[in-house]
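Below is one structure, written out as structure tokens; the observations come after it.
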Amino acid sequence: MKILVINCGSSSLKFQLIDSKTEEALAKGLCERIGIDGSMSFTPKDGEKIKREVAIPDHTRAIQLVIESLTDPTHGVISSLEEIGAVGHRIVHGGERFTKSTLIDDDVIHDIEAISDLAPLHNPANLIGVRACREAMPSVPMVAVFDTAFHQTMPEEAYLYGLPYEYYVKHGIRRYGFHGTSHSYVSHRAAELMRRNYEDVKLVICHLGNGASISAVRRGQCIDTSMGLTPLEGLIMGTRVGDIDPSVIDVIRQKEHCHVADVMEVLNKKSGVYGLSNYYSSDFRDLEEGYEKSNEDATRAVKTFCYHVLKYIGSYVAANNGIHGIVFTAGIGENSPLVRRLIVRRLGFLGIQLDEEANNSARGVEKEISTLDSLVKVWVIPTNEELAIARDTYKLCHFAEENPATSTVTE
Ligand code: ADP
């Protein structure tokens with residue numbers, strides 16, 4: 001079955017067409033600046049990237065362009081729309097309602113809408129993509145895959161904040177966690193690579209990208225994660241602040257004579273390694289270069305980022321009551337030997353030994369980077385959220401054909 005995976009934001013739409021049998025991406029692409037002017041890139045498997053400026057007034061047009069590119073007689077990869085067996089949509093927030101991927105119907109759309117206040121920037125944009133696809137492909141089954149779903153196994157002690165309990169009951173204010181599709185994919189893959197049963201393994205997964213989060217996975221379940229009600233909590237990120245004393249918000253508001261909304265803008269867009277480095281850069285490629293040249297601003301940001309990751313790993317080893325493996329993934333985790341070294345070298349107290357040579361050569365490939373006699377294994381495992389979405393979509397559509405009454409993935 002060929003599965004179209006859609007990741008729809010407010011002004012962009014990323015897509016991949018994946019063959020569920022070979023698990024290969026047959027084509028991938030991106031529509032950008034939707035509603036502004038518009039540009040599109042499309043890369044067929046084994047082909048060159050095709051980029052063009054094209055008017056994209058809305059998401060419906062973006063979906064039309066995706067279909068036109070996929071079926072184009074010259075560079076397309078399918079001969080007609082009929083070949084698309086299902087569509088998998090990335091949905092950022094599933095609240096407590098969605099603990100697993102789900103076949104989309106009118107009720108599901110209604111429920112995703114109902115939790116949109118928890119992710120006002122993301123869920124409405126995700127739903128625009130769902131609606132545009134349903135319009136273009138009314139008879140094709142669609143599946144919603146939630147960033148939050150993997151973390152729904154967290155126990156109450158991990159997801160509750162120390163706030164009045166009534167705020168949780170009335171408003172759903174609690175830790176939800178994000179990047180769940182990545183944490184799930186990578187933790188399953190780690191168990192496979194370590195030749196351990198997923199139900200027995202204790203892992204800490206470090207998803208270090210522009211957005212960054214860590215999760216503790218124990219006996220096949222996520223038991224804690226660093227992002228919270230929103231993706232602002234936890235690690236220091238590219239431009240996001242991560243954990244702070246909540247009083248900081250009011251102090252900045254008073255000292256800078258501005259409104260809470262302005263402070264929130266700073267916490268989301270001007271903080272993280274970008275703010276810490278005195279606006280040197282939010283990109284680790286630049287920061288690493290600065291670090292190697294002993295630039296003070298870059299060094300401060302890199303060291304502080306790594307220290308916070310280290311601290312979370314330590315606390316999650318305690319939460320997991322032990323550890324078999326640590327995994328690094330996403331842009332920085334997959335590509336930065338420096339960041340991995342600065343973190344892993346300080347984990348010797350757990351019996352962890354870094355294989356420096358393996359670490360230096362592991363860039364964007366699956367690789368064990370701990371020594372053979374390291375008590376805890378450390379891995380680099382590239383994430384593949386699109387493939388994880390395609391797998392869930394296939395499982396559900398295939399399963400639903402045989403069991404029409406069921407509409408969620410059973411693990
Ligand atoms: P997101 O999906 O959250 O936007 P990614 O997982 O794509 O983030 O990670 C993007 C980040 O990865 C970049 O901002 C950059 O800091 C980092 N990165 C990418 N390639 C490299 C590299 N070769 N070396 C160091 N860092 C890198």
Side-chain angles (χ1 to χ4, degrees), residues 5-16 25 28 30 32 41 90 92 119 121-122 125-126 145 147-148 177-186 205-215 225-227 230-242 268-277 279-293 295 297-306 308-309 327-344 359-367 369 380-389:
V5 175
I6 299 282
N7 181 354
C8 189
S10 55
S11 66
S12 71
L13 187 153
K14 285 190 216 155
F15 64 95
Q16 277 195 23
K28 54 179 82 170
L30 170 67
E32 283 180 290
S41 68
R90 175 190 180 209
V92 167
L121 296 178
H122 294 101
N126 300 157
V145 180
D147 273 21
T148 49
F178 297 86
H179 295 140
T181 314
S182 172
H183 286 281
S184 168
Y185 172 84
V186 167
I205 310 295
C206 309
H207 176 113
L208 309 180
N210 196 28
S213 66
I214 296 206
S215 64
T225 193
S226 57
M227 282 180 168
T230 72
L232 188 56
E233 191 185 347
L235 296 174
I236 292 171
M237 304 179 218
T239 62
R240 280 175 251 166
V241 67
N268 272 294
K269 302 206 171 134
K270 287 194 169 170
S271 301
V273 287
Y274 177 59
L276 255 175
S277 67
Y279 315 123
Y280 184 89
S281 177
S282 65
D283 193 302
F284 262 79
R285 282 162 286 207
D286 304 330
L287 291 167
E288 270 190 20
E289 211 182 299
Y291 180 96
E292 302 298 351
K293 289 183 191 150
N295 175 283
D297 290 323
T299 303
R300 178 191 320 114
V302 171
K303 280 185 154 178
T304 314
F305 172 86
C306 292
H308 282 243
V309 178
V327 184
F328 288 94
T329 192
I332 303 162
E334 290 166 27
N335 295 297
S336 176
L338 171 70
V339 165
R340 296 189 303 247
R341 189 173 75 237
L342 292 176
I343 297 165
V344 177
N359 181 45
N360 287 335
S361 63
R363 286 181 186 266
V365 290
E366 283 181 351
K367 191 154 195 152
I369 58 166
V380 173
I381 302 180
T383 192
N384 193 339
E385 287 162 289
E386 288 78 15
L387 177 57
I389 293 173

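Both ligands and their constituent atoms are indexed starting at 1 by order of listing. Quick note: residue numbers are just sequence positions, from 1. It should be emphasised that the depicted structure is a prediction, and the values quoted were computed from it without experimental measurement.
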To the nearest 0.1 Å, how far is atom 19 (C) of ligand 1 from its closest protein heavy atom, and which atom is that?
Arg285 CZ, 3.7 Å
Which residues share a salt bridge (Lys or Arg N to Asp or Glu O under 4.0 Å) with Asp283, sequence neighbours left out:
Arg285
Shortest reach to atom 13 (C) of ligand 1 by a heavy atom, considering only Val273, Asn335, Thr239, Asp283:
Asp283
Return the closest protein heavy atom for atom 18 (N) of ligand 1 as residue, atom name and distance.
Gly331 O, 3.7 Å
Any nitrogen or oxygen of Gly211, main chain or side chain, under 3.5 Å from a nitrogen or oxygen of ligand 1?
yes
Any sub-3.5 Å donor-acceptor pair from Arg340's side-chain atoms to Asn359's backbone N or O?
yes
Look up atom OG1 in Thr239 and atom OH in Tyr279, then write down how far apart they are to the nearest 0.5 Å.
11.5 Å
Have Ser215 and His179 got a donor and an acceptor in their side chains that come within less than 3.5 Å?
no
Lys367: partners by side chain to side chain donor-acceptor pair (under 3.5 Å), with sequence neighbours left out:
Ser361
Contact (N/O only, under 3.5 Å) between Asn210 and ligand 1
yes
For atom 16 (O) of ligand 1, the protein heavy atom that lies nearest, with its residue and separation:
Phe284 N, 2.6 Å
Considering heavy atoms of the protein only, find what lies nearest to atom 25 (C) of ligand 1 and give residue, atom and distance to 0.1 Å.
Glu288 OE2, 3.7 Å
